[in-house]
Amino acid sequence: MKSKIVLIGFMGSGKSTLGKELSDKLGLFFFDVDAYIEEKYQREIKEIFAKEGEEAFRRMETEALKEILLKEEEVLVSTGGGVVTREENVALLKEKGLVFYLKAGVETILSRLKGDVSRPLLQSEDLEKKIRELMAHREGAYLEAADYVIPTDGTSVPDLVEECFQILKAKRKNLDKNLT
Ligand code: S3P
């Protein structure tokens, strides 16, 4: 049985914020993959990118994902926006988790991440162009990995939490019905 709930989506799509609130509501332990990596290696993500490069970070990310997704417990996992760039990660997410894609438009992401200095891939003169490029490159993979696509533009966090909660509740009900 898939026992993990996984949030995927572009940087700034609200995965961590929603993840914390939804895990509270569900009474599940919450893992943020980026925070897990920072804790494990005692370094900030931007430092890892600067000193060891993106490839090294991606290796750490895959390893962290495995460690988290291979746990026995039911947990809620928020991933980094680039997790779908490795097929191996997508396969693992699909195998172990019920995957929610938090879909945010370029305008929303741009307004949230203007001035952000913590995301190495977005340190660009032309932030909008960079977001559009990365998004175009990744959108297919997000959709491919997703069990549910949740549009987030213009919807409040409590409403998004409720939407995900209702999806999970309906799914659980169906499952119980099939088991009895
Ligand atoms: C990345 C997203 C970041 C972080 C790293 C790379 C990406 O996580 O993992 O900076 O490639 O999209 P968030 O999506 O939580 O910002």
Side-chain angles (χ1 to χ4, degrees), residues 4-23 29-69 75-93 97 99-146 148-153 155 157 160-161 164:
K4 314 288 182 280
I5 296 161
V6 181
L7 306 182
I8 61 169
F10 203 82
M11 293 172 266
S13 58
K15 294 164 297 202
S16 301
T17 311
L18 181 86
K20 268 185 224 121
E21 305 222 352
L22 183 60
S23 60
F29 198 82
F30 175 61
F31 278 102
D32 181 305
V33 178
D34 282 345
Y36 182 93
I37 293 169
E38 291 187 331
E39 174 78 25
K40 181 174 171 187
Y41 295 95
Q42 287 296 299
R43 260 169 292 164
E44 287 185 2
I45 304 287
K46 68 172 180 200
E47 203 188 325
I48 300 173
F49 267 76
K51 295 212 176 115
E52 291 157 73
E54 181 171 355
E55 253 321 290
F57 171 74
R58 296 295 169 207
R59 281 196 294 277
M60 294 175 190
E61 187 176 43
T62 297
E63 205 172 293
L65 202 63
K66 283 184 185 156
E67 287 167 12
I68 295 169
L69 291 179
V75 294
L76 195 147
V77 186
S78 165
T79 57
V83 77
V84 296
T85 57
R86 279 189 159 196
E87 277 179 25
E88 177 184 7
N89 297 347
V90 174
L92 191 66
L93 292 180
V99 182
F100 288 77
Y101 168 30
L102 304 187
K103 186 172 163 59
V106 174
E107 296 302 325
T108 305
I109 291 165
L110 190 58
S111 71
R112 285 189 190 153
L113 298 187
K114 219 178 259 172
D116 176 275
V117 289
S118 68
R119 293 173 174 87
L121 294 180
L122 295 184
Q123 303 314 302
S124 159
E125 287 288 295
D126 190 341
L127 181 59
E128 181 172 349
K129 183 164 168 251
K130 189 75 206 168
I131 292 171
R132 285 190 191 282
E133 275 171 14
L134 280 173
M135 185 80 101
H137 187 64
R138 293 174 176 179
E139 176 72 0
Y142 288 134
L143 293 171
E144 145 86 16
Y148 301 102
V149 179
I150 311 290
T152 61
D153 289 350
T155 307
V157 174
L160 290 170
V161 169
C164 296

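We count ligands from 1, going down the list as the structure has it; atoms in each ligand are counted the same way.
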Engineer: Give the contacting part of Leu121 toward ligand 1: side chain, backbone, both or neither, where contact means a heavy-atom distance below 4.0 Å.
Structural biologist: side chain
Engineer: Considering Arg58, Arg119, Glu61, which one's heavy-atom position lies nearest to atom 6 (C) of ligand 1?
Structural biologist: Arg58
Engineer: Going by heavy atoms in the side chains, are Lys103 and Tyr142 under 4.5 Å from each other?
Structural biologist: no
Engineer: Can you find a heavy atom in the side chain of Glu128 that is under 4.5 Å from one in the side chain of Glu107?
Structural biologist: yes
Engineer: Classify the contact between Lys46 and ligand 1 as side chain, backbone, both or neither, using a heavy-atom distance cut-off of under 4.0 Å.
Structural biologist: neither
Engineer: Closest non-hydrogen protein atom to atom 10 (O) of ligand 1, residue and atom name please, with distance?
Structural biologist: Pro120 CD, 3.6 Å
Engineer: Using a plain distance cutoff, I'd like to know if Ser16 has any nitrogen or oxygen under 3.5 Å from a nitrogen or oxygen of ligand 1.
Structural biologist: no
Engineer: For the atom pair CZ (Phe31) and CG (Leu69), what is the distance rounded to the nearest 0.5 Å?
Structural biologist: 9.5 Å
Engineer: So which heavy atom in the protein is nearest atom 5 (C) of ligand 1, and how far is it from that ligand atom?
Structural biologist: Ile45 CG2, 3.9 Å
Engineer: Examine ligand 1 and decide if any of its atoms is less than 4.0 Å from a heavy atom belonging to Arg138.
Structural biologist: yes
Engineer: Considering only heavy atoms from C-beta outward, does the side chain of Met60 approach that of Lys40 to under 4.5 Å?
Structural biologist: no
Engineer: When you measure from the side chain of Glu38 to the backbone of Val33, do you find a donor-acceptor pair of N or O atoms at a distance under 3.5 Å?
Structural biologist: no
Engineer: Got a donor-acceptor contact below 3.5 angstrom from the Gln42 side chain to the Glu39 backbone?
Structural biologist: yes
Engineer: Quick one: does any side-chain atom of Lys15 pair with a main-chain N or O of Leu102 as donor and acceptor, under 3.5 Å?
Structural biologist: no
Engineer: Give the atoms of ligand 1, by number and element, whose distance to some non-hydrogen atom of Phe57 is under 4.0 Å.
Structural biologist: 9 (O)
Engineer: What protein heavy atom sits nearest atom 4 (C) of ligand 1, and how far away is it?
Structural biologist: Asp34 OD2, 3.2 Å
Engineer: Just need the protein heavy atom nearest to atom 14 (O) of ligand 1, so name the residue and atom and give the distance.
Structural biologist: Lys15 NZ, 2.5 Å
Engineer: Please confirm whether Gly82 comes within less than 3.5 Å of ligand 1 when only nitrogen or oxygen atoms on both sides are compared.
Structural biologist: yes
Engineer: Measure from the side-chain N and O atoms of Asn89 to the backbone N and O of Val83, and report whether any donor-acceptor pair falls under 3.5 Å.
Structural biologist: yes
Engineer: Evaluate Gly80 for polar contact with ligand 1, using N/O atom pairs at a separation under 3.5 Å.
Structural biologist: no
